Each structure stands twice: as structure tokens, then as C-alpha cells.
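Following: one structure in C-alpha cells, then a few remarks.
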Amino acid sequence: MEVKQEILTPMKVEKTNGNVPTPPPTTTTTTVMDDDLFDDEASPPQPNKKLKAENGSIKKLTPTPKPAPVTPKPTAAVNGKKPIPKKKPVDSSSDSDSSDSSSDSDSDSSDSDSDSSSSDSSSSDSDVPKKKPISKIPNKPSGTVSKTSKNSPKTTTTTTTTTTTVKSKPAPKVKPEQSSSDDSSSDSSDDSSDDSSSDSSSEEEKPKKKPSKKPAAVKKEITVKKETTTTTKKTPVKKEVEVKKETKTTTTKKVKKEESDDDGEDEKTTTKKKTTTRKRKLKEEEEGEEEEEEGVNKWWDKEDDEDDGTKWTTLIHNGPVFPPAYVPHGIKFMYDGKVVKLTPKQEEVATFYANYLETDHVKKQAFKDNFFKEFKGLLTSEQKEIVKKMDKCDFSHIHTHLKTKKEQRKARSKEEKDAETAEKKKIQEKHGFATIDGFKEKVGNYMIEPPGLFLGRGQHPKTGMLKQRIMPSDVTLNIGEGEVIPPSPIPGEKWKEIVHNNTVTWLAFWRESVNGGFKYVWLAPSSKIKGQADRKKFEVARGLKNCIGDIRKGYQKSFNDESTEKRQLAVALYLIDFLALRVGNEKGEDQADTVGCCSLRVEHIKLESNNTITLDFLGKDSMRYLNTVQIREDAYKVLKTFVKGKKPTDLLFDSLTVTQLNNHLKKQMTGLSAKVFRTYNASITLQKELDKMDTKEFQSIDEKILFYNRCNREVAILCNHQKAPPKNLAETMSKIDEKIQELRDLQDLCRIKIGKTPKSQQEDIESREAERLPKLIQLAITNKKDKDKEKTDKEISFDVKAAFEKSRTLPDAKGKIKEKIAKYEEQIKKQEILKTGKDELKTVALGTSKINYLDPRITVAWCKKNKVPVDKIFTKSLRDKFPWSDVGTDYIF
DNA sequence: ACTAATGACTCAGAAAGATATCT
DNA sequence: CAGATATCTTTCTGAGTCATTAG
């Protein structure tokens with residue numbers, strides 16, 4: 001049923017990038033809160049009901065027997081475009097909660113107030129944004145943290161506790177000094193030292209360019225070192241290096257293992273290993289223990305560094321890894337039926353294209369045109385005589401070759417796979433970590449992006465252009481002063497530049513060829529440097545909670561200001577706050593046409609009746625935002641004047657710039673900018689939703705998780721986080737339906753046997769049953785693979801039939817039959833839940849908000865309170881990312 | 001003094017890979 | 001238990017935000 005809708009979405013869809021179906025268009029209106037409420041801090045963020053509307057109300061979980069039948073709501077409006085103005089959100093079926101949540105979002109203002117006050121008390125740093133003075137060396141999280149005590153050696157977190165626990169061992173200190181000792185890093189360092197020397201020498205040759213553009217602003221006295229410098233010191237350097245090396249190694253060693261899995265102990269950390277599960281588990285445990293031995297940098301328990309603009313004191317790493325050189329395959333490329341011989345370079349580019357032959361990319365004219373231009377640019381003049389039109393190029397042989405290769409790869413033996421992973425691991429050990437201020441940290445993206453075709457999202461004018469291969473001479477490294485400079489991994493190549501800029505956090509950067517943009521190598525999210533920034537982000541958002549009331553009052557007051565600028569600013573801010581829109585910076589012509597709040601054009605908004613507006617535009621990543629919502633009457637009236645007399649392509653907020661808006665916000669609160677509203681509204685929404693949990697209804701862990709996901713979903717809808725529906729969604733859904741029907745029929749058969757009335761007509765049951773057997777047989781025949789190869793179709797058919805009949809045989813005892821009915825009921829329930837969950841989440845992406853917008857402490861507190869293991873909600877990498885989120889159940893955002 | 005351009009960092013969904021579940 | 005398939009995680013890299021600098 002609902003199936004189809006995605007497909008039909010209106011043209012708009014196309015605009016979104018081909019594969020992303022637009023969100024379902026249905027819209028609903030939401031009511032606005034009243035002024036008064038609004039004034040309060042608590043005003044609720046708003047309503048992007050679009051997705052929500054789509055499937056109608058959320059079904060209740062039904063722990064109780066009789067699950068409500070899942071009715072797929074009318075998802076009706078399928079076709080987007082114009083939403084019907086006010087469709088009532090919840091349908092009858094929905095129950096209270098869903099309805100509540102939607103409409104009310106506003107209502108609960110009160111709590112926020114209270115929260116605010118309490119907030120301070122709760123977690124560690126209470127302070128508001130900006131910097132915090134707090135001291136407290138030891139564990140500061142006052143909450144109830146069960147957290148690991150600082151010294152106990154292996155604390156295992158209690159189940160519910162959070163995130164990674166830390167290991168024991170006092171954190172190593174930051175000082176690098178130390179005696180020498182062995183060196184684990186020997187190879188790298190050794191090599192490097194040699195190479196580096198050479199490097200440096202080479203570097204000295206080209207000292208001049210340094211001054212020109214340094215990516216990093218060298219502020220204050222950061223030393224930006226160019227090769228020159230290095231050179232000068234060269235000799236000395238070497239020496240120093242040696243010494244340093246030793247020290248360093250030790251340090252490293254000490255620190256090693258900082259990255260722990262910590263909960264490895266408990267059952268499921270997921271390291272990826274391809275051993276069987278059992279094995280894997282064992283392994284993990286071992287690892288876990290090992291790690292326990294080493295110290296960890298529990299930065300979150302310590303006082304924050306003061307914010308003086310420097311991001312680190314010492315920084316050591318081995319540089320990024322470059323993609324392997326191209327290996328020509330010699331497969332023919334044809335033009336107009338004739339083979340055209342290609343050089344390796346040409347062949348490489350042709351191969352990039354061939355790889356996309358079966359994708360939607362090649363359906364875009366821009367992709368083909370851009371590619372062809374690039375490709376032609378590589379051809380010799382003789383070749384150009386022949387190759388003139390893209391349409392006559394035939395990359396199919398190459399494409400076939402690629403496919404074969406892919407299959408081969410998939411089929412490679414276990415040994416090969418193991419060897420490959422071992423190799424990967426080795427590289428990761430060397431390049432995947434950096435030592436920063438004496439602690440070993442994971443590097444996020446230490447692999448340089450391979451060359452290929454640029455795949456922009458949506459209607460990007462540059463899609464299909466060639467992304468050039470990046471060489472060491474394109475890459476600038478940022479490394480601690482005096483540290484060993486890693487040798488260039490490619491012989492004959494030198495690094496573009498070496499800098500020592502401790503006001504930034506990148507380890508390396510290069511410029512990408514298509515848009516001339518910067519690409520950086522950063523530390524992983526689990527690193528202290530990222531973690532602190534992340535925590536700070538949430539602290540700023542929490543700080544907003546204290547001023548949100550004033551800010552709201554402020555902009556509401558300005559709706560009628562005499563200055564157009566002020567009025568526009570006020571309304572824009574209102575939309576950002578209420579609808580969680582992005583701010584919308586200006587964009588160039590050479591980018592996809594997407595907008596945010598400040599860049600909205602008149603064509604993106606429709607003023608309906610009853611103070612309702614419909615926003616329909618492509619936002620970040622060309623994701624369609626479609627929402628019909630009722631807004632404040634005063635805002636509506638002003639908006640009307642902004643639209644008046646303008647062309648569809650004119651800016652809605654023509655007198656407003658993003659800079660003005662942010663400057664205004666900065667004045668209201670330190671650290672405040674437009675994006676903070678998204679973080680704030682997302683987190684506060686999660687907290688409010690979670691607070692609504694009815695513990696009677698959601699009892700099992702699975703039910704609680706389902707509940708959590710629903711709360712998470714509210715946030716995802718608010719932020720318009722979407723995903724393409726699974727490819728075979730329709731199929732999966734109807735499969736589930738079929739299964740449910742079958743279970744029901746089986747139940748009925750049981751009922752008939754014991755003389756009870758079945759739920760459906762006996763003939764219907766029989767006819768459905770009659771259809772099932774042949775289907776099963778057919779399926780078994782088609783599926784017979786190597787395994788039953790020797791069996792004839794007849795035999796299979798016979799076997800299947802036997803199995804089928806066996807499954808329909810009922811015991812004679814009445815009690816047993818009743819048991820059976822109950823069992824089926826359970827299975828049905830399970831399927832219903834599954835279906836409901838799938839339906840609710842088919843186009844909603846929960847991940848983005850979980851990773852970026854939701855204060856993890858809210859989740860941790862909820863988990864503890866409800867005895868849900870955190871690892872059911874946070875994956876390993878999320879737990880690693882939020883080691884600082886271990887708070888007590890009383891944490892309030 | 002003000003824009004426009006830079007630079008650095010956060011946030012996005014898809015693709016790829018790993019694991020779990022089904023048959 | 002094996003292989004297929006569904007689902008969950010991680011990787012990848014494009015696309016925003018926004019403060020700072022350049023002109």
C-alpha cells in the first residue's frame with residue numbers, strides 16, 4: 001500500500017538528487033503556541049510534521065495483547081506538491097501519545113524554567129557557555145556518576161552506565177619528557193628520520209613560497225615553519241630528532257592503548273574481526289583486558305584547558321596515506337564501434353566513468369557533459385579527431401571488467417581476506433594515530449581521497465568533473481615543532497609544506513581540484529580535541545536555555561519594528577527557532593541551488609489561510625524541506641509584507657544577511673549563533689519526549705528502545721533528517737504482511753479445530769492456504785542452489801509439501817492448541833512491531849541527530865534511569881565519541 | 001569601515017563493510 | 001551448518017556554518 005508513494009513524488013523530487021525521494025509531502029498543520037507560552041522559555045520548537053504526517057499516527061506499542069492493527073495510514077498525500085492545508089495529524093487511531101507530542105510540543109514550557117535552574121547543579125560544568133572556570137581536578141561530574149573511580153583498575157561500568165569507561169590508571173601526564181627506551185615506533189621513526197633529513201634538505205630548496213598562503217592563519221606567534229626553517233636547523237634537527245625519538249616513543253608507549261573499548265568486557269564491543277562471534281568475543285575480552293592495563297586520558301575529569309587559542313603543545317604523526325598508483329588493465333574502450341587505444345592516464349579516467357554506468361549519475365546530462373569535457377581534455381589531437389561525442393563512447397567493456405573484478409574480490413578466499421585486513425591494520429597502526437600532548441589519539445581520515453569523478457549532490461553544476469589525484473606535493477603537514485617529519489610516502493615527491501601551527505587542529509590539508517576547497521586530515525571524534533569541542537557545543541546550547549525566553553521576547557517585539565532590517569531579522573530568527581531551519585549562507589552559481597532561512601526566496605513560501613505557511617525548498621544536500629505549519633499571527637502578517645510585490649526569485653529576506661543575524665545573536669549571549677538553535681531545540685525536544693515515557697507501557701528493553709527511537713525520530717523530523725527509503729521496502733513490507741496473514745490463518749485453523757470461531761471466513765483461509773503451498777514449492781525450486789543440486793524438482797516439491805503439512809498438523813490436546821494460538825499471537829505481535837518500526841522510520845534518518853545534535857548526557861541519564869544498557873543505543877564509535885557523557889540519572893539538559 | 005574571500009570546523013546522506021538473522 | 005539476505009556500523013567525502021582576514 002503505501003508503497004508507491006515515494007515514487008510518485010512530484011517533480012520536485014527530481015530536483016533532489018535523483019535517488020533521494022523526497023519526503024513525503026503530506027503535511028499537517030501544527031498549531032502555534034500562544035504568545036504567552038511562547039514567551040516562556042519553554043516554547044516548543046516546532047513542527048515539521050511532514051514526515052510525521054506521512055504515516056499517520058504513531059502507533060502505540062501495544063504491549064498488550066491485541067496489537068492495534070497497523071494501519072498504514074493514509075499516507076496519502078502522496079504527491080506532494082501541495083499539501084493540503086490542514087490535515088489533521090493524528091488520525092483517530094493514534095493514541096494519546098502521539099497526538100500529544102505533536103501538538104503539544106509547545107505546551108510544556110514550564111519545565112524548562114525549572115530546568116534551567118536546576119541545570120547548574122547537575123553536571124559538571126555548569127557554566128554557561130564560554131569558558132568555564134571550574135576547577136576540580138578529580139572527577140568532576142558531580143552527578144551520580146557511577147563512573148569509574150579514578151584509580152580502580154578495571155572498573156567496569158555498570159551496565160547502565162555510559163560510555164566508555166575508562167580504565168584505571170591514572171592518566172598519564174602530558175609530559176613528554178622521558179628517558180629513552182625502546183621504541184615501538186621504530187620503524188616509522190627510523191625511516192622517517194632518514195628520510196626526513198633528505199626531505200628537509202630538499203625542502204630547503206624551496207623556501208620561498210611559504211609566506212604566501214598559509215592556510216592557517218598564523219596568529220600570534222605561532223611558528224609556521226616552512227622548509228626553510230627546517231632547513232636551517234637541519235643539522236641540528238637531526239640530532240634532536242634522535243633524542244626526541246626516544247622520548248617520544250616512550251611516551252607513546254605509555255599512552256598507547258588509550259583508546260579503549262572499555263566495555264569490552266561486557267559482552268559486546270564490536271571490534272571488527274572476522275572471526276566467528278564466539279571467537280570474536282574472546283578476542284575482545286582479551287583486548288579489553290590488555291587495554292585496561294594502560295592509562296587513558298580522562299580529560300573530561302580534569303579541568304578544562306583555558307581557551308587561549310592554542311589547541312595543542314606537541315603533535316606527532318606519520319602523515320596521511322596515499323592511494324595506490326593506477327594499474328592499467330588494458331580493457332578496450334570503443335568509440336562508434338571502433339577500438340580507441342588509451343594511455344594509462346586516459347584509461348584511468350575512462351574507468352572512473354565506467355564505474356558509474358549502472359547508476360543514476362550517468363542519467364544526468366551535467367555529469368556526462370562535465371566528464372566528457374575532462375576526458376577530451378586528456379586526449380591527443382589524433383584521438384580528438386575520432387572521439388567527438390559522448391554518446392558514441394562505449395565504456396561497457398571496462399564496466400564489465402570492473403564488475404568481474406568486484407565479484408572476484410568478493411569471492412576471495414579467507415586467507416586473502418585475512419591478509420588484507422592484516423595489511424590494513426598495519427597501515428592503521430602507523431598512520432592511524434597521532435600523539436598529541438603526549439597522548440595517543442586516533443586520526444579520523446588518514447587516507448588521502450583517491451582520484452575519481454566528483455559526485456555532487458542534487459543538481460550540482462560540477463558533477464562528473466575530475467577529482468585529481470593528490471600527491472605529497474599537494475599536501476601541507478602540520479606537526480609539532482622539532483618533531484620528526486614523516487618521509488614522503490612517494491619516492492621523488494616532497495611535501496608541499498610543513499607548518500607548526502598549534503592554533504588549529506588539522507594534521508594535514510590539501511586543496512581539492514574541483515571547487516578549490518580545502519580538505520583536511522583531522523583527529524577522530526574520540527579524540528580529546530574533538531570531544532572538548534563537542535561538549536562545549538552542548539554547553540553553549542544549554543546556555544541558550546537561559547536566555548531563550550528573552551531572545552524570543554525580543555524578536556517577537558521586533559516583528560513590528562519600523563526598520564525593515566529589524567523586522568526581517570526578527571522573523572528569520574523566529575523561523576530558525578521555531579522550525580529549526582539552518583541559517584542559509586549565500587552560495588555561488590557553481591553550486592547546487594539550495595537554501596536556508598536567510599536565502600529563502602519568495603517562491604519557497606506559500607501563505608495559506610489561517611496563519612499557515614508552507615515552506616518548500618531544497619536545503620543542505622538538496623534534501624527537500626516541505627512543511628505546512630501554522631505560525632504566529634503577527635509573524636504571518638509581517639511575512640505577508642515581505643512577499644508583497646516581489647518576484648518568485650526574489651529573496652524573502654532581502655534586507656538581511658547572515659552576518660547581521662549572527663552579530664545580533666552574539667550580542668544576546670556569548671557563543672551564540674544561528675546553528676545553536678538547532679542543537680538546543682533538538683536536545684530539548686529529546687529530553688521532553690523521553691520524559692513522557694509511560695513505564696507501564698514500555699517495560700521490556702526492546703520496548704524501551706522502541707520508545708527511545710520514537711523520541712529520536714521526533715528530533716529527526718524536526719531537523720528534517722531524511723534518508724532514501726530502502727530499495728526493497730515495498731517488498732519487505734508486503735512480506736511481513738503476508739507473514740502476519742499466515743500466522744493469523746494458522747491461528748484460525750487452531751481455533752477451528754477446537755471449535756472456536758475463526759476470525760476470518762473459513763473459505764478465505766482455505767483459499768489462502770491453497771495458494772501458499774505452491775508458492776513455497778516454487779520458491780524452493782528457484783532457490784535450490786548448489787546444495788540440493790542433485791535433487792529433482794519433484795523431490796523438492798515433495799519435501800516442501802511434507803514440511804508444509806507438518807507445520808499444519810495440530811496436536812489433539814486442547815491445551816496444546818491453545819498454547820499454539822498464544823505462540824502465534826506472540827509472533828504476530830513481533831511482526832507488527834517490526835512493521836510499525838519500519839514504516840515509521842522508512843524515510844527518517846536517526847543517526848545524524850544522534851551523532852550531532854543530541855546531548856549524549858540526556859541519553860545516558862535516561863538509560864540509567866530505565867536500566868537500558870547504553871550500548872543498545874550508542875554504537876561503539878558513539879560511546880568512544882562521548883566518553884564525557886557519564887552523568888547520573890538526574891542530568892538535565 | 002565595509003565587503004568579499006578565506007579558512008577551519010561541524011554536519012549529511014550514501015556507500016561500503018560487518019554482523020545478525022533467516023532458511 | 002552454510003549460504004543468502006537483512007540490518008546495523010563505519011567510512012567517505014560533499015555541503016553547510018561562521019569567525020577572521022584581506023582588500
Side-chain angles (χ1 to χ4, degrees), chain A residues 16-17 19-20 213-219 268 270-277 280 311 359 406 410 417 421 444-445 447-450 452 454-458 460 462-463 467 478 501 503-506 509 511-512 514-520 522 524-525 529-530 533-534 537 582-588 591-592 594-596 598-599 619-623 657-659 661-663 665-666 671-676 678-679 719-724 726-728 731-732 735 776 779-780 783 785-787 800 803 834 838 843 845-849 851-853 874-878 880:
Chain A
T16 56
N17 67 36
N19 21 354
V20 180
K213 58 177 46 191
K214 264 111 204 212
V218 181
K219 269 173 177 186
K268 50 193 57 178
T270 44
T271 17
K272 56 273 276 357
K273 248 79 248 194
K274 70 181 14 177
T275 44
T276 62
T277 32
R280 192 170 40 117
K311 305 285 173 68
T359 67
K406 227 176 218 169
K410 213 165 156 190
K417 285 184 188 170
T421 51
N445 54 328
M447 308 281 290
I448 296 281
E449 292 174 23
F454 174 79
L455 304 179
R457 317 260 198 156
H460 195 117
K462 294 189 173 183
T463 188
K467 241 174 55 168
N478 189 23
N501 183 348
T503 62
V504 294
T505 66
W506 49 265
F509 92 95
R511 294 196 86 130
E512 151 265 331
V514 177
N515 296 298
F518 290 76
K519 290 284 192 171
Y520 298 90
W522 318 96
I529 218 160
K530 290 286 186 192
D534 206 34
K537 171 181 78 186
R582 293 187 190 81
V583 71
N585 278 301
E586 289 179 78
K587 295 184 74 179
Q591 291 171 293
T594 64
V595 302
C598 296
S599 44
K620 183 176 180 180
D621 289 294
S622 293
M623 299 308 288
T657 67
V658 170
T659 310
L661 192 121
N662 278 330
N663 283 340
L665 292 174
K666 225 171 2 185
L672 189 60
S673 66
K675 75 195 265 284
V676 179
R678 254 167 100 78
T679 309
C719 295
N720 200 38
H721 289 147
Q722 300 182 33
K723 68 173 182 196
K727 278 225 163 59
N728 28 22
E731 212 180 306
T732 325
K735 243 187 222 165
L776 280 175
L779 196 72
N783 285 352
K785 289 263 150 105
D786 320 301
K787 199 150 111 191
V800 173
L834 192 71
K838 278 216 167 80
T843 57
L846 302 187
T848 309
S849 50
I851 296 170
N852 304 299
Y853 288 106
F874 284 162
T875 61
K876 169 79 163 54
S877 41
L878 240 27
D880 286 346

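In what follows, chains are A, B, ... by sequence order, proteins preceding strands, each numbered from 1. Computed from a predicted model, the values in this text were never measured in an experiment.
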Using purine N1 to pyrimidine N3 plus N6-O4 or O6-N4 for Watson-Crick, or N1-O2 and O6-N3 for G-U wobble, both under 3.5 Å, which nucleotide pairs with C/dC1?
none
Rounded to the Å, how far apart are [X] [atom1] and [N] [atom2]?
X	N	atom1	atom2	result
A/Asp621	B/dC11	CG	P	14 Å
A/Lys462	C/dG14	NZ	C1'	13 Å
A/Leu665	C/dC18	CG	C1'	12 Å
A/Phe509	B/dC9	CZ	P	12 Å
A/Lys838	C/dT5	NZ	C1'	12 Å
A/Asn585	C/dA19	CG	P	10 Å
A/Lys410	B/dA16	NZ	P	12 Å
A/Glu512	B/dG7	CD	P	14 Å

So does [X] get a side-chain nitrogen or oxygen closer than 4.0 Å to the phosphate oxygens (OP1/OP2) of [N]?
X	N	answer
A/Asn662	C/dC18	yes
A/Tyr853	B/dA12	yes
A/Arg678	C/dG16	no
A/Ser673	C/dC18	yes
A/Thr594	C/dG16	yes
A/His721	B/dA12	yes
A/Lys417	B/dG17	no

Between the OG1 atom in A/Thr359 and the CG atom in A/Leu455, the distance rounded to the nearest 0.5 Å is 8.0 Å
In this structure, SG of A/Cys719 is separated from NE2 of A/His721 (nearest 0.5 Å) by 4.5 Å
Say whether, by atom type as modelled, one donor and one acceptor occur between the side chain of [X] and the main chain of [Y] under 3.5 angstrom.
X	Y	value
A/Asn478	A/Thr505	no
A/Gln722	A/Thr843	no
A/Asn852	A/Thr848	yes
A/Lys462	A/Val514	yes

Assign [X] to base, sugar-phosphate, or nothing according to its heavy-atom contacts below 4.0 angstrom with the strands shown.
X	answer
A/Gly847	nothing
A/Leu455	sugar-phosphate
A/Ala592	nothing
A/Pro525	nothing

Look at the side chain of [X] and decide which nucleotide, out of [options], has an atom nearest to it.
X	options	result
A/Lys467	C/dT13, B/dC11, B/dG7	C/dT13
A/Arg457	B/dG13, C/dA19, B/dA8	B/dG13
A/Lys537	B/dG7, B/dT10, C/dC18	B/dT10
A/Glu449	C/dT17, B/dT10, C/dG14	C/dG14
A/Lys587	C/dG16, B/dA12, B/dA8	C/dG16
A/Arg582	C/dT13, C/dC18, B/dA12	B/dA12
A/Lys723	C/dA19, B/dA14, B/dA8	B/dA14

Could you check A/Lys519 against A/Gly596 and say which one's nearest nucleotide on DNA chain C is further toward the 5' end?
A/Lys519
Heavy-atom nearest nucleotide on DNA chain C taken for A/Lys675 and for A/Lys735; more 5' hit belongs to A/Lys735
Could you say whether A/Lys406 or A/Ile529 is positioned toward the 5' end of DNA chain B, judged by the nucleotide with the nearest heavy atom to each?
A/Ile529
When A/Thr848 and A/Thr505 are each assigned the nearest nucleotide of DNA chain B, the 5'-most assignment goes to A/Thr505
Should the ring pair A/Phe509 and A/Tyr520 be called parallel, tilted or perpendicular, given that the plane angle runs from 0 to 90° and is split at 30 and 60?
tilted
Kindly indicate whether the side chain of A/Lys620 and the base of B/dC11 share any N or O donor-acceptor pair separated by less than 3.5 Å?
yes
